[in-house]
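Okay, structure first, notes after.
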2 protein chains.
Amino acid sequence: MPQGVPDNVPNDGLTTRQRRNTPVLAVHTGDGKGKSTAAFGMAMRAWNAGLSVGVFQFVKSAKWRVGEESAMLALGELHDSTGKGAPVEWHKMGQGWSWLRANAGEADDHAAAAAAGWAEIKRRLTEQTHDFYVLDEFTYPLDWGWVDTGDVVETMAARPGRQHVVITGRRAPQALVEAADLVTEMRKIAHPMDQGRKGQKGIEW
Amino acid sequence: MPQGVPDNVPNDGLTTRQRRNTPVLAVHTGDGKGKSTAAFGMAMRAWNAGLSVGVFQFVKSAKWRVGEESAMLALGELHDSTGKGAPVEWHKMGQGWSWLRANAGEADDHAAAAAAGWAEIKRRLTEQTHDFYVLDEFTYPLDWGWVDTGDVVETMAARPGRQHVVITGRRAPQALVEAADLVTEMRKIAHPMDQGRKGQKGIEW
């Protein structure tokens, strides 16, 4: 599938190569599992292709996704020591964004923390800091109005260079879905939680 | 969500801990992206939790998922050199299964190669070789009748110890879906291929 022939070729004046090199804006939404996990799987692939990775988690709990964080940071360290792959940065709102450590008290105001996270990502997109961004659970601040969806859509459309962005979370705003190149809905068909199981280390986090 | 309170608690005589420790059989199906990518994201998390990982790719092309393979094997090497994480093995039908190297000519017979792959996985499940298995694109040999779905369902139900298994691919047979603890359907909402783009390195593979 990835290397197949496109279903149709648009009359947009671009060569196949130009279209191929267009940076991707992807959205993983829906009520099912795998939205973030697939984003981190993509990050692993990007790392292998030498694309620098920046992960920004818009979640409260510092425990969330600790397994992926630790594995991705191990890949980043492998880059630092051997040159293989690419650098990896991982930032969490739940602990107060690392660049805001001095103002850690701010972390109690989630709306302000989310806005600060987005402001930093905008700066990084302008400066082309990373090649591959994961904005994990970023749909929630959009859904709650803490971050303006119109601003996000405009920023994404205007981002320079070849910066790929993956946004995850339920209830992705329609304007974001329409702006994205790739939208996947993860639908729950069956889940152990329905049978009274709680999550387990190595599987759920 | 993973660490939340279950929606309901079954009257099955098990403690929460016993239910929590039940090995998971997960299926990622549907026509959308992210089925394999989410499985490899889970494998990365499993690696971090110290669960040994075995990946078995039931696909023809050796190029498929080369990014994830390289990154996962880098994590496996990191384990070998530092003790962090867990061992990783990655086997591909497309190159002839590694344990069948002597019979590489067999790789032209895909039905036989798929059956040989499943026979090996059965052996490994009996011997508890790995803690976390990814049977990537395994639904296709099931769908085509190369591997018997009933045998797979019985083998999974009888597998000893705490071996987690994730099976990916479109058209998962109904009996497999019913046997699984966790089934997610990845639905395509939008995809760059629809706009005439071809896949690109670091993003699609």
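Naming: A, B, ... by sequence-line order, numbering from 1 per chain. Everything numeric in this text was worked out from a predicted model, so none of it was measured.
Contact detail for Thr37(B) and Met42(A): the closest heavy-atom pair is CG2-N, 3.3 Å. Summarising the geometry of Ile189(B) relative to Val177(A), their closest heavy-atom pair is CG2-CG1, 4.4 Å, with the distance given to 0.1 Å. The shortest non-hydrogen separation linking Ala38(B) to Gly34(A) is CB-O, 4.1 Å. The shortest heavy-atom contact between Ala71(A) and Met44(B) is CB-CG, 3.2 Å.
Of the atoms belonging to Lys35(A), not a single heavy atom falls under 4.5 Å from chain B.
Summarising the geometry, atom CZ belonging to Arg187(B) is positioned 5.5 Å from atom CZ belonging to Arg187(A); distances are rounded to the nearest 0.5 Å.
Contact of the Leu182(B) side chain with the Lys33(A) side chain is registered, since non-hydrogen atoms from C-beta on lie closer than 4.5 Å. Counting heavy atoms from C-beta outward, Ser70(B) and Lys84(A) have side chains that approach closer than 4.5 Å.
Proximity to chain B among residues 72-80 of chain A is limited to Met72(A), Ala74(A), Leu75(A), Leu78(A), judged by heavy-atom separations below 4.5 angstrom.
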